[in-house]
Amino acid sequence: MTIVELVRPFAETLDLAVLVTDGDLDRPGPTILYANSAFARMSGYPVAEILGQAPRRLQGPGTSRQAARAVTRQLRTGGRFHGVLENYRKAGEAYLCEIDVRPIRGPDGQPTAFIAFERR
Ligand SMILES: Cc1cc2nc3c(=O)[nH]c(=O)nc-3n(C[C@H](O)[C@H](O)[C@H](O)COP(=O)(O)O)c2cc1C
């Protein structure tokens, strides 16, 4: 069973936005593997359109580079990122987004994916 198959039935009915990416933090990654309907409502992106993109796609002119880099830094050092970033809806409207990202680890302890819980 894949991570997406495992997460989907739990996440689909949540009001909280959920994103799952692969474990590759190097640009152009990470790649979005799953987004729930709450994420589509919050961001304005249809799920089919956001799959295969990087979460960086949600950034805009007001997004703090320092805060965005902190996500990668904290995930690379094995931790969790919990903070607020300025995201942009598909139509361009900015929203402050509380983002909680955690690694999903494989048997060798390395992150194979990341899961984010997001709300505005
Ligand atoms: C699961 C997950 C969800 C993320 N969600 C967001 C998000 O909603 N908004 C955002 O600006 N960055 C988000 N990021 C962070 C970006 O993907 C990326 O780590 C950040 O832009 C820093 O990397 P960069 O310097 O290569 O752009 C998320 C990362 C992960 C792994």
Side-chain angles (χ1 to χ4, degrees):
M1 193 179 229
T2 66
I3 287 160
V4 171
E5 287 166 346
L6 202 62
V7 167
R8 191 194 310 273
F10 292 100
E12 206 42 53
T13 58
L14 287 180
D15 287 332
L16 192 64
V18 178
L19 268 187
V20 175
T21 67
D22 66 10
D24 185 4
L25 292 170
D26 290 334
R27 287 186 176 218
T31 301
I32 297 174
L33 304 176
Y34 170 76
N36 70 351
S37 331
F39 179 84
R41 285 195 298 276
M42 182 173 75
S43 67
Y45 286 97
V47 170
E49 203 174 309
I50 202 78
L51 297 182
Q53 309 272 340
R56 194 178 299 108
R57 174 73 180 270
L58 299 160
Q59 297 170 7
T63 308
S64 154
R65 273 313 298 160
Q66 199 186 336
R69 276 197 297 268
V71 182
T72 310
R73 192 174 58 243
Q74 290 179 29
L75 297 178
R76 276 194 206 288
T77 53
R80 149 194 185 194
F81 172 85
H82 186 201
V84 175
L85 287 174
E86 186 160 72
N87 274 355
Y88 287 75
R89 283 173 57 83
K90 185 182 178 189
E93 179 205 340
Y95 62 99
L96 286 180
C97 191
E98 182 187 345
I99 301 174
D100 193 346
V101 194
R102 296 132 187 272
I104 297 173
R105 295 178 197 284
D108 63 355
Q110 292 306 309
T112 53
F114 294 98
I115 185 163
F117 303 97
E118 305 197 355
R119 65 177 164 207
R120 49 187 305 184

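Ligands are counted one by one from 1 in listed order, and the atoms in each one are counted from 1 as well.
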Could you tell me which atoms of ligand 1, counted from 1 in the order shown, lie closer than 4.0 angstrom to a heavy atom of T72? 18 (C), 19 (O), 20 (C), 22 (C), 23 (O)
Considering only protein heavy atoms, which is closest to atom 3 (C) of ligand 1, and at what distance to one decimal place? A116 CB, 3.6 Å
side-chain contact (heavy atoms from CB on, under 4.5 Å) assessment of V7 paired with V18: CA-CA 9 Å; V7 167; V18 178; 4.3 Å; yes
Could you check atom 4 (C) of ligand 1 against the protein and tell me its nearest heavy-atom contact, residue, atom and distance included? P55 CB, 3.4 Å
Region of V20 that comes within reach of ligand 1 [heavy atoms, distance under 4.0 Å]: neither
Short N or O distance, T63 and ligand 1, threshold 3.5 Å exclusive: no
In the protein, what heavy atom is nearest to atom 26 (O) of ligand 1, and what distance, to one decimal place, separates them? R27 NE, 2.8 Å
Under a heavy-atom criterion of less than 4.0 Å, does P30 contact ligand 1? yes
Yes or no on side-chain contact (heavy atoms from CB on, under 4.5 Å) for F117 and R102, after CA distance, side-chain angles and deciding distance? CA-CA 9 Å; F117 303 97; R102 296 132 187 272; 4.2 Å; yes
Distance to 0.1 Å, residue and atom name: give those for the protein heavy atom nearest to atom 20 (C) of ligand 1. A68 O, 3.4 Å
Under 4.0 Å from one or more heavy atoms of L58, ligand 1 contributes atoms 7 (C), 8 (O)
What pairs with E5 under salt bridge (Lys or Arg N to Asp or Glu O under 4.0 Å), at least two apart in sequence or on another chain? none
Heavy-atom contacts with L75 under 4.0 Å: which atoms of ligand 1 show up? List them by number with element. 31 (C)
Atom 7 (C) of ligand 1: nearest protein contact (heavy atom, Å): I99 CD1, 3.5 Å
So, for G44 and R89, which heavy atoms are closest and what is the spacing to 0.1 Å? N-NH1, 3.6 Å
As an exercise, identify every atom of ligand 1 less than 4.0 angstrom from a heavy atom of L85. 9 (N), 10 (C), 11 (O), 12 (N)
For ligand 1, is there an N or O atom under 3.5 Å from any N or O atom of Q59? yes
Heavy-atom contact check, 4.0 Å cutoff: does E86 meet ligand 1? no
Any idea which heavy atoms bring L85 and A67 closest together, and the distance? CD2-CB, 3.2 Å
Nearest non-hydrogen partners of C97 and E118, listed with the distance: SG-OE1, 3.6 Å
Give me the residue, atom name and distance of the protein heavy atom closest to atom 15 (C) of ligand 1. V71 CG1, 3.7 Å
Whether Y45 side chain and L51 backbone form a donor-acceptor pair below 3.5 Å: no
Relative to atom 25 (O) of ligand 1, which among R65, Q74, R56 owns the nearest non-hydrogen atom? R65
Holding to side-chain hydrogen bond (donor to acceptor under 3.5 Å, both in side chains), I want the full list of residues that pass it with R41, two or more places apart in sequence or in another chain. none
Least distance between heavy atoms, A11 atom then N36 atom: O-ND2, 3.0 Å
Would R119 and D100 count as a salt bridge (charged side-chain N to carboxylate O under 4.0 Å, His left out) here? Give the steps. CA-CA 9 Å; R119 65 177 164 207; D100 193 346; over 6 Å; no
Ranked by distance from atom 9 (N) of ligand 1, the top protein heavy atom is N87 OD1, 2.8 Å
Minimum heavy-atom distance R57-I50, with the two atoms named: CG-CD1, 4.4 Å
Is E118 in polar range of ligand 1, meaning some N or O pair under 3.5 Å apart? yes
